[in-house]
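The structure appears below as structure tokens.
The structure displayed is predicted, hence computed values, not measured ones. Below, each value reflects all heavy atoms present in this structure, side chains not excepted, and no hydrogens, waters or symmetry copies. This chain uses plain numbering: 1 for the first residue, then up along the sequence.
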Amino acid sequence: MDSSIIRKEGAAMNLFASSTLFWGHSFEHICKVVKSGNLKGIEIWVEQLQFQDWSLKEIQRLLQAYHLQVTIHANSWDLNLCSLNSGIRNQSIREIEKSISIANKLCIPSITVHPGKLTVYSRWEQNHRNIMRHTLDELSSLADKYDVNISLELMEPASKEIYCEARKMNELLAFTNDCIYTTFDIAHIPFHFSIADELKTLEKVDKIHVSDSTKTTYHVPLGKGELQLDCSLWETIDSLKVPVVLEGLDTSKNHVFFYDHLEYFQTNSLLQLKGVT
């Protein structure tokens, strides 16, 4: 890769690390490691914040102490914002509201939210799409209430996902107002698609998630999968000037996933590392 056309000397991509790369570790430890990697900030997963019982006051203190920025990802596990079951759907909205409230308390302007999906594989998709439009009205009201924008994530083409192509997400955006944005995840793009073209097609992107994928596994370290991560993709990502979040779930003690990510950026001159040990 000719990295000279991607990185101007002395510049650094707006890189963040997902807190899930350090599952089981204290928020202060995460801050130390992320800072040592010369990254700009941390994306907090609300599930991890709740599971590990992090204090919002302590999070704010540590972010300030380590001069780190922050983004946030709403609860997503076990939720479905367009479930055919109204009880599941309504509780999912309430759980997302709790996440939005946390974003408000941490003064984070935008929160990534997973859109709804099918209740039963390959059934009643239009019904789900209609429900999702109504759910977006509720999310828009919550965004106004808490003064936090919603960023809908473009999902992977898994069995029950609906919004896994840029054009489908754009169709949904046509029913939204100015407080709804999108999160692009390069690991969610099918191998036969151009990742750069999908990114250029997706509207209102305010955050990008990055990791690699194989034919059997989503979210592996960059350079360890089969995605075509070429110059055109990194140029397109860099041009948007939005947070670029290194993703993955790692429960190990040594943060191998995180350091594999950094090695990829170092090898390709996408990040000038300082103090990484």
Side-chain angles (χ1 to χ4, degrees), residues 14-81 90-115 135-136 138-153 179-183 185 206-210 219 242-253 255 257-258 261:
N14 193 24
L15 283 180
F16 288 57
S18 171
S19 63
T20 58
L21 288 167
F22 314 96
W23 194 276
H25 296 272
S26 71
F27 193 73
E28 182 164 16
H29 176 82
I30 295 172
C31 288
K32 287 179 180 177
V33 178
V34 170
K35 191 67 177 180
S36 76
N38 198 33
L39 272 62
K40 299 290 184 63
I42 297 168
E43 176 153 298
I44 296 171
W45 271 63
V46 173
E47 266 104 358
Q48 187 174 6
L49 180 155
Q50 294 170 333
F51 188 75
Q52 296 187 215
D53 198 24
W54 290 341
S55 157
L56 298 188
K57 191 177 205 179
E58 184 71 354
I59 288 173
Q60 289 172 314
R61 183 188 72 80
L62 289 167
L63 289 170
Q64 185 174 13
Y66 285 90
H67 304 288
L68 290 168
Q69 300 172 39
V70 61
T71 58
I72 192 164
H73 193 297
N75 287 84
S76 61
W77 297 347
D78 298 325
L79 306 185
N80 186 358
L81 289 173
N90 292 333
Q91 187 59 40
S92 296
I93 293 170
R94 299 287 72 80
E95 294 302 320
I96 296 299
E97 181 176 8
K98 292 176 186 177
S99 294
I100 296 171
S101 175
I102 289 171
N104 171 273
K105 290 173 183 176
L106 292 174
C107 300
I108 303 173
S110 173
I111 183 167
T112 292
V113 173
H114 285 189
T135 297
L136 274 182
E138 295 192 57
L139 292 180
S140 295
S141 296
L142 292 174
D144 289 338
K145 176 181 176 180
Y146 291 99
D147 194 26
V148 175
N149 290 328
I150 307 295
S151 185
L152 296 174
E153 183 164 358
C179 66
I180 306 295
Y181 290 80
T182 60
T183 297
D185 191 324
D206 73 351
K207 187 189 305 178
I208 297 172
H209 290 163
V210 297
H219 307 299
V242 299
V244 177
V245 183
L246 305 177
E247 271 206 317
L249 178 60
D250 189 349
T251 59
S252 71
K253 294 181 179 180
H255 320 312
F257 205 136
F258 174 69
H261 275 325

Might you work through the side chain to side chain contact (heavy atoms under 4.5 Å, CB included) test for Leu63 and Phe27, ending with a clear yes or no? CA-CA 9 Å; Leu63 289 170; Phe27 193 73; 4.0 Å; yes
When you measure from the side chain of Lys207 to the backbone of Ile72, do you find a donor-acceptor pair of N or O atoms at a distance under 3.5 Å? yes
Determine whether the side chains of Gln91 and Glu95 contain a donor N or O and an acceptor N or O closer than 3.5 Å. yes
Side-chain contact test, heavy atoms from C-beta onward, threshold under 4.5 Å: evaluate it for Ile30 versus Leu62 and give yes or no. no
If only atom types and distance count, is the side chain of Glu247 paired as donor or acceptor with the main-chain N or O of Ser18 below 3.5 Å? no
Set of residues satisfying side-chain hydrogen bond (donor to acceptor under 3.5 Å, both in side chains) with respect to Gln50, sequence neighbours excluded: Asn75
Under 3.5 Å, is there a donor-acceptor pair between the side chain of Asp206 and the main chain of Tyr181? no
Do the side chain of Ser140 and the main chain of Leu136 share a donor and acceptor less than 3.5 angstrom apart? yes
Where do Ser99 and Val46 come nearest, in terms of heavy atoms and distance? OG-CG1, 3.6 Å
Is a side-chain donor or acceptor of Glu47 paired with a backbone partner of Ser76 at a separation under 3.5 angstrom? yes
Taking it one step at a time, do Val34 and Leu21 satisfy side chain to side chain contact (heavy atoms under 4.5 Å, CB included)? CA-CA 10 Å; Val34 170; Leu21 288 167; over 6 Å; no
Does either side chain, that of Glu153 or that of Thr183, offer a donor lying less than 3.5 Å from an acceptor on the other one? no
According to the interplanar angle, ranging from 0 to 90°, do the rings of His114 and His73 count as parallel (below 30°), tilted (30 to 60°) or perpendicular (above 60°)? perpendicular
I'd like to know whether Leu81 forms a side chain to side chain contact (heavy atoms under 4.5 Å, CB included) with Ile93, so could you lay out the CA-CA distance, the side-chain angles of the two residues, the decisive distance to 0.1 Å, and finally the verdict. CA-CA 6 Å; Leu81 289 173; Ile93 293 170; 3.8 Å; yes
Counting distance only, does the side-chain N/O of Gln69 pair as donor-acceptor with the main-chain N or O of Phe16 below 3.5 Å? no
Please work out whether the ring planes of His255 and His25 are parallel, tilted or perpendicular, with thresholds of 30° and 60°. perpendicular
